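Take a look at the structure below.
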Amino acid sequence: MRVPGVVFASHALLPEAAGDQALLQVVNVATLPGIVMASYAMPDVHWGYGFPIGGVAATDTASGGVISPGGVGFDISCGVRLLAAGDDRDALAPHRLRRLMDELGRCIPRGAGRGAVWQVGRAELEHVLTDGARYAVERGHGVARDLWRCEDEGVLPGADPGQVSDRSVERGLGQLGSLGSGNHFLEVQAVETVYDEAAAGAMGLRERQVCVMIHCGSRGLGHQICTDHVRTMDRAMARYGIEVPDRQLACVPVDSEEGRAYLAAMAVAANYARANRQLLSEAARRAFADTVGCGLDLVYDISHNLAKLETHQVAGAPLRLCVHRKGATRALSAGHPELPRDLAGFGQPVLIPGTMGTASYVLAGVPGGGAWHSTCHGAGRVRSRHRAAREVDGQQLRSELEAQGIAVRGTSWRGLAEEAPTAYKDIDRVVEASEGAGLCRKVARLVPLGVVKG
DNA sequence: ATGTCC
């Protein structure tokens, strides 16, 4: 290990599921060339590809620091977007909620492969890949204000479609504006508790308000980009004299041909993911307008799978770092120049999707935030998909959720069972540990009214 | 996460 491993967690949250190698992965990441300060893990840490999910690692770009696709994940720029409705939950009587959920269930494409809100050709897709959500808005899929409330204003700079394989583009063509599967969802929620009135007010949130949370990523396009660049780096590593304890940690110097190629391709996938969430927002807006007649204003949009080049003070000197966040969310403190002007006094909004049927959170960045201003990203899995599918009956789970008043529009019974709340850590404990560790503070807690499940 | 193996 070149640096220590630092795990932010309560004892109860430490990964202990049989065979969960997450803490070994924290150790493995600590061996990467150029890593600075520590290999960090958030309270929702669990076993991932190479890096743990919930891992944060920064490398010094000026002294051979590496970039590793495993430190971003296969679902590049997977993230969350929250929209606030004009209506409060009191206005959403059961029959109106049912109509709304039926319409969302009809118009939100989801599941492996199939369906997209926006059918584009190659030329149009290329604009999406370089200009992300901004291009979607320029083409009428949203309003200018949406972009002010997106991380990076909806566009990650430096995207080069020339670094992306034909196969990646092919996979991306038919999926623009779709949830995908696994833990991805679109939920109708209500604000249950506001912890910080001033911050919530600035974000446009109040108690009892209806919201829409969208959790999805870069679909097959991002997956293919990760696959392609892991293979390239696996072959190139030896030329740079790099050895890693796990082939899944394939990496190259940030400042190398392969490193720059990955970052340019990663930005392509990030822009696809941001446009994807923008298009799904527009579909949700149409469904709300048609069924309950109210609008949806964007609260924020933020990724939890990304590497970014950031300048941080290390031992009193500014260093240009490549900060990998995989299942970890950036959480800038108040006053940072990258924050939207009207939110500058409150810290970066951090959107935490809970497990299906449980709560979700809005958090904010705090001064002195550790781990390069990062915090948790969600509940964190504790049981494998296989085990959850064996132990949970999807149809029974849906009945239980409906009995709690949560409308469910799913895709497959098995997929529903794999995402059972029992397969995940308790989101309340994860958020409590994150706040307790000084990584963020609570702004609001939201509860589900209806879920469209990928 | 992922046309859950080109």
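Computed from a predicted structure; not experimentally measured. Residue numbering restarts at 1 for every chain, and letters A, B, ... go by the order of the sequence lines.
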Grab the [atom1]-[atom2] distance between [X] and [N] for me, whole Å please.
{"X": "A/I53", "N": "B/dT2", "atom1": "CD1", "atom2": "P", "value": "13 Å"}
{"X": "A/Q224", "N": "B/dC6", "atom1": "CD", "atom2": "P", "value": "8 Å"}
{"X": "A/R167", "N": "B/dC5", "atom1": "CZ", "atom2": "P", "value": "13 Å"}
{"X": "A/I225", "N": "B/dT2", "atom1": "CD1", "atom2": "C1'", "value": "13 Å"}
{"X": "A/H223", "N": "B/dT4", "atom1": "NE2", "atom2": "C1'", "value": "8 Å"}
{"X": "A/R414", "N": "B/dT4", "atom1": "CZ", "atom2": "C1'", "value": "10 Å"}
{"X": "A/D75", "N": "B/dT2", "atom1": "CG", "atom2": "C1'", "value": "9 Å"}
{"X": "A/N276", "N": "B/dT2", "atom1": "CG", "atom2": "P", "value": "10 Å"}

A/R277 CZ to A/D301 CG distance, which is reported to the nearest 0.5 Å:
4.5 Å

Would you mind classifying the nucleic acid contact of [X] as base, sugar-phosphate or nothing, using non-hydrogen atoms under 4.0 angstrom?
{"X": "A/R385", "result": "sugar-phosphate"}
{"X": "A/G182", "result": "sugar-phosphate"}
{"X": "A/G217", "result": "nothing"}
{"X": "A/E170", "result": "nothing"}
{"X": "A/G180", "result": "sugar-phosphate"}

Test: ring pair (Phe, Tyr, Trp, His ring centres under 6.0 Å). Region: residues 104-131 of chain A. Which pairs qualify, not counting sequence neighbours?
A/W118-A/H141, A/H127-A/Y135

Just list the side-chain donor-acceptor pairs under 3.5 Å for residues 28-38 of chain A, sequence neighbours left out, or say none.
residue: A/T31; atom: OG1; partner: A/N28; partner atom: O; Å: 2.6

Hey, does the side chain of A/S181 come within less than 4.0 Å of B/dT4's phosphate (OP1/OP2), counting only N and O?
no

Tell me if the aromatic rings of A/H377 and A/H215 count as close, with their centers under 6.0 Å from one another.
no

Side-chain donor-acceptor pair under 3.5 Å between A/R81 and A/S281, yes or no?
yes

Map A/R381 and A/R231 onto DNA chain B by nearest heavy atom, then report which one ends up closer to the 5' terminus.
A/R381

